[in-house]
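Report on one structure; see the data block that follows.
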There are 2 protein chains.
Amino acid sequence: MDVVNIFLTSELGESLEDFVHDQRRFTFDRLGPEGPRRLVEGPMWAFVDWVMPELAGLEMCRRLRADARTVDAHVTMVLEEDDPEDRRRALRAGADDYVIGPLTRTAVLDRVLALQSRGVERQATRRFELGALTIDMAALQARWNEQPILLRPNEFRLLRFLAENPNRVLTREDLINGLGKREPPIDERTVDVWIGRLRRAIKAAGGGNPLRTVRSLGYVFDLG
Amino acid sequence: MDVVNIFLTSELGESLEDFVHDQRRFTFDRLGPEGPRRLVEGPMWAFVDWVMPELAGLEMCRRLRADARTVDAHVTMVLEEDDPEDRRRALRAGADDYVIGPLTRTAVLDRVLALQSRGVERQATRRFELGALTIDMAALQARWNEQPILLRPNEFRLLRFLAENPNRVLTREDLINGLGKREPPIDERTVDVWIGRLRRAIKAAGGGNPLRTVRSLGYVFDLG
DNA sequence: CAGGCGTGTGACGCGTTTGTGACTGCTTTT
DNA sequence: AAAAGCAGTCACAAACGCGTCACACGCCTG
């Protein structure tokens, strides 16, 4: 039996129990600022409120897109009212589509079933374009002039973080923290090895070297 | 309680009252051509419109960076549409990042909260523009008319210190202390070599000589 | 359980950076 | 005019920082 996992950032007025319908099992779960509480199999659907208690909805959306666990989720933004500007922003933040709230259980299911039956292809959403370099957060893929760069998970995270902070010297400590490495404490020299591997990967894809070493300080992603 | 000071170059459609959210006090203020109207404590965030009534946004951006009072501000440029050229120009002019407008109160708060919650300590971007010379403290890069000057760490520190104290004679001792050299005690004559190397580097980038020797006293960064 | 992959680390070697003494040439002083 | 003072420059050695390699460990897969 198929499973459909639905995550919401806020409580629904109505009940949230899992149930089975039409040969599919629907599960509901809360979605916190740190992302989904549990890992699931099967397609994920996330509904993000425009306003949230702890975190702006757009930021939540971006985080979902950045989180490797939810990269394949279909993200729907919940708008309070039909503002064209907000719609555009929502999509730009990585949402796949939007509904005009408030959210009811019926609205959620309508959405999911409609899209499922239509077999929507989730198009790539969150994308950086920095010169010749493109970073596709949804597909977890980086390209240099359309040429895919073969990156290991850590290298991808590193590139993403550098690209998010262009033209800014990042110390080795910044980079370690930026990749969320805590335990065990990482030796700063290890960052050199990361950079080396990342550079080699970009080069192997025919790319240049956007990563500048700043002696005795750190590294910069050079833009322009 | 933390204070977050937000400055804008144009009116927001929505209300602009100060308010408290999430343990932080947000204050809003207008940003005129002369810079911020008041001095504040705590982090500053400036949002500069691409088009402004009295002044081009880019010029405004440069002025903010040159203004000692706002040097520690995080400057966000507000673009009307997503033009890659404009983005690069904005960053060149000293902006830390940009948003695609128009600006709403929500967009502003998104930006501020998103950046505040990010891992990196965003040390304030300091950017000098002294005639043809530009010093980008974030990227640790100096340019002469857009032409990068290739500086070694010590030379960059020297240039920075000189540029921070323009039109003022700095003794060799000042310079040694200004660069934070303590151990072992540095021979004063060594400063001459530093200056020589710095001059050569600027020249190599097609630049002039803003460093004037004051016989038996020290050196000055000449402005104007 | 073997094999492959991703990743962190210590070690090695090389290029770069940098402080210094010496030499040179210009300027000021006597 | 000679002497003293001062700054510009060069060459060099030592120290430093970075790139890279090989290896070990953990994890997943077949």
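Labels below follow one simple rule: chain letters A, B, ... track the order of the sequence lines, proteins then strands, and each chain is numbered from 1.
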- Given atom CD of B:Glu155 and atom P of C:dT17, what is their separation to the nearest angstrom? 8 Å

- Note on the structure: Contacts of A:Arg189 meeting salt bridge (Lys or Arg N to Asp or Glu O under 4.0 Å) (sequence neighbours excluded), chain-then-number -> A:Asp192

- Query: Between C:dG21 atom C1' and B:Glu188 atom CD, what is the distance in whole Å?
  - Reply: 16 Å

- Note on the structure: From CZ of B:Arg212 across to P of D:dG8 the rounded distance in Å is 13 Å

- Report the residues that fulfil salt bridge (Lys or Arg N to Asp or Glu O under 4.0 Å) with A:Arg157, sequence neighbours left out, ordered by chain and then residue number. none

- Query: Which residues pass the side chain to side chain donor-acceptor pair (under 3.5 Å) test with A:Ser216, sequence neighbours left out?
  - Reply: none

- Message: Please list all pairs meeting salt bridge (Lys or Arg N to Asp or Glu O under 4.0 Å) that have one or both residues in residues 196-211 of chain A, counting only residues at least two apart or in different chains.
- Response: none

- Measure from CD1 on A:Ile176 to P on C:dT7 and round the result to the nearest Å. 15 Å

- Message: Expressed as a whole number of angstroms, how long is the span from A:Arg152:CZ to C:dG8:C1'?
- Response: 12 Å

- Query: Would you say B:Trp194 reaches C:dT18's phosphate, i.e. side-chain N/O to OP1/OP2 under 4.0 Å?
  - Reply: no

- Send over the distance from A:Arg157 CZ to C:dG8 C1', rounded to a whole Å. 13 Å

- Message: Base contacts versus sugar-phosphate-only contacts with protein, heavy atoms under 4.0 Å: please encode nucleotides 17-30 of chain D as B, S and - from 5' to 3'.
- Response: SBBBBB--------

- Inspect the surroundings of CG in B:Leu217 and state if more than 12 heavy atoms from other residues, nucleotides or ligands are less than 6.0 Å away. yes

- Specify the separation, in whole Å, of atom CG of B:Asp187 and atom P of C:dA22. 11 Å

- Item | Whole-Å gap separating C1' (C:dT7) and CG (A:Leu151) | 15 Å

- May I ask you to verify if any side-chain N or O of B:Asn154 is less than 4.0 angstrom from the OP1 or OP2 atom of C:dT16? no

- Message: Among residues at least two apart in sequence or on other chains, which ones pass side chain to side chain contact (heavy atoms under 4.5 Å, CB included) with B:Glu173?
- Response: B:Thr171, B:Asn177, B:Glu188

